[in-house]
Amino acid sequence: ESISKLDNEFIEKLTHVIEENIEIEQLNIAQIADQMNMSHSTLYRKIKTLTGLSANEFIRKIRMRNAEKLLLSCKFSIAEIIYKVGISTPAYFRQCFKEEFGVTPTEHLKNIKADNE
């Protein structure tokens with residue numbers, strides 16, 4: 001989609017704030033709103049308008065994208081990645097990852113390695 005330069009900058013700043021705090025398991029929209037200098041209700045509406053996702057869905061998407069980067073770096077175990085992206089349990093991580101990428105983290109890594117051979 002085409003979004004304005006200001007909206008794109010907003011999404012980039014929001015993503016940066018989330019990534020800086022990604023290890024916080026209980027990261028919530030109020031904490032993010034404070035760092036963005038916005039009310040949480042305004043932040044909810046703006047995220048929904050720009051992305052079509054709820055604030056929690058957007059945070060989860062950022063967590064999963066970062067998890068994928070860490071997974072592909074081959075520097076960390078899945079258990080370490082779960083901790084680094086602020087997810088509470090391996091089962092929940094697996095569920096979120098599968099919803100985002102259509103496969104489990106292990107399958108995703110195998111597919112990437114198979115594609116590179």
Side-chain angles (χ1 to χ4, degrees):
E1 293 177 40
S2 65
I3 57 175
S4 75
K5 183 180 177 192
L6 282 176
D7 288 340
N8 194 44
E9 288 173 3
F10 169 81
I11 293 292
E12 287 177 14
K13 181 178 178 186
L14 176 63
T15 301
H16 180 72
V17 167
I18 293 168
E19 287 175 342
E20 282 193 341
N21 297 286
I22 203 160
E23 289 184 18
I24 300 172
E25 186 178 317
Q26 300 300 321
L27 180 63
N28 65 47
I29 208 66
Q31 294 166 307
I32 296 168
D34 284 346
Q35 291 185 36
M36 296 289 292
N37 298 316
M38 304 175 83
S39 73
H40 68 277
S41 58
T42 302
L43 184 57
Y44 271 114
R45 281 192 303 274
K46 190 151 180 124
I47 291 171
K48 185 69 171 178
T49 300
L50 294 176
T51 67
L53 302 171
S54 72
N56 288 332
E57 290 169 333
F58 186 76
I59 292 168
R60 191 169 42 248
K61 184 174 273 301
I62 300 300
R63 288 186 196 275
M64 291 302 102
R65 286 187 182 164
N66 277 283
E68 182 189 34
K69 287 178 196 172
L70 293 171
L71 185 67
L72 296 177
S73 76
C74 298
K75 293 179 182 176
F76 305 99
S77 69
I78 292 177
E80 290 171 311
I81 293 169
I82 292 168
Y83 173 76
K84 288 184 169 294
V85 298
I87 300 289
S88 57
T89 65
Y92 182 62
F93 175 76
R94 212 173 12 262
Q95 173 192 340
C96 292
F97 197 94
K98 191 166 186 171
E99 286 175 11
E100 184 68 26
F101 299 104
V103 293
T104 66
T106 305
E107 292 168 339
H108 189 62
L109 196 53
K110 284 180 186 175
N111 292 344
I112 297 298
K113 286 182 179 179
D115 289 346
N116 290 335
E117 291 179 354

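Here the structure is a predicted model, which is why all the values come from computation and not from measurement. Both backbone and side-chain heavy atoms feed into the values below; hydrogens, waters and symmetry mates do not.
Using a 4.5 Å cut-off on side-chain heavy atoms (C-beta onward), Asn8 and Leu50 make no contact. Residues Leu14 and Leu43 have side chains in contact (heavy-atom distance under 4.5 Å, counting atoms from C-beta outward).
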Go through the steps for Glu19 and Asn66 under the test side chain to side chain contact (heavy atoms under 4.5 Å, CB included), then give the verdict. CA-CA 8 Å; Glu19 287 175 342; Asn66 277 283; 3.3 Å; yes

The test is side chain to side chain contact (heavy atoms under 4.5 Å, CB included); show your working for Phe76 and Leu71 and say whether it passes. CA-CA 7 Å; Phe76 305 99; Leu71 185 67; over 6 Å; no

Report the C-alpha distance between Lys84 and Leu70 in whole Å, list the side-chain angles of each, state the deciding distance to 0.1 Å, and finish with yes or no for side chain to side chain contact (heavy atoms under 4.5 Å, CB included). CA-CA 9 Å; Lys84 288 184 169 294; Leu70 293 171; 3.9 Å; yes

Pair Ile18, Ile32 - check side chain to side chain contact (heavy atoms under 4.5 Å, CB included), show working. CA-CA 7 Å; Ile18 293 168; Ile32 296 168; 3.8 Å; yes

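Nearest heavy atom pair, residue Leu109 against residue Cys74, reads CD1-SG, 4.5 Å. Shortest non-hydrogen contact noted between Arg63 and Val85 is NH1-O, 2.5 Å. What you find for Pro105 and Ile78 is that their closest heavy atoms are CB-CD1, 4.0 Å.
To the nearest 0.5 Å, atoms CD1 (Ile81) and NZ (Lys75) are separated by 11.5 Å. Taking CZ of Arg60 as the start and OG of Ser54 as the end, the distance is 6.5 Å to the nearest 0.5 Å. Remark: Met36 CE to Asp34 CG distance equals 11.5 Å, nearest 0.5 Å. In this structure, CD1 in Ile62 is found 8.5 Å from CD1 in Ile11, a value given to the nearest 0.5 Å. In this structure, CD1 on Ile22 lies 11.5 Å from CZ on Arg65, to the nearest 0.5 angstrom. Taking OG1 from Thr51 and CG from Asp7, the interatomic distance works out to 11.0 Å, rounded to the nearest 0.5 Å.
Val17 and Leu53 fall within a single hydrophobic cluster, where Ile, Leu, Val, Met, Phe, Trp and Tyr side chains are chained together by heavy-atom contacts under 4.5 Å.
A donor-acceptor pair under 3.5 Å is absent between the side-chain atoms of Thr42 and the main chain of Met38, judged by distance alone. In this structure a side-chain-to-backbone donor-acceptor pair under 3.5 Å is missing from Asn37 to Ala33.
Sorted by first and then second residue, the ring-ring contact (aromatic ring centres under 6.0 Å, His included) pairs involving residues 77-100 (not counting sequence neighbours) are Phe93-Phe97, Phe97-Phe101, Phe97-His108.
No side-chain donor-acceptor contact under 3.5 Å links Gln31 and Gln35. Looking at His16 and Glu12, their side chains never bring a donor and an acceptor atom within 3.5 Å of each other.
Listed by chain and number, the residues in a salt bridge (charged side-chain N to carboxylate O under 4.0 Å, His left out) with Glu100 are Lys61 (sequence neighbours excluded).
Counting non-hydrogen atoms of other residues, nucleotides and ligands closer than 6.0 Å to CD of Gln26 gives a total of 12 or fewer.
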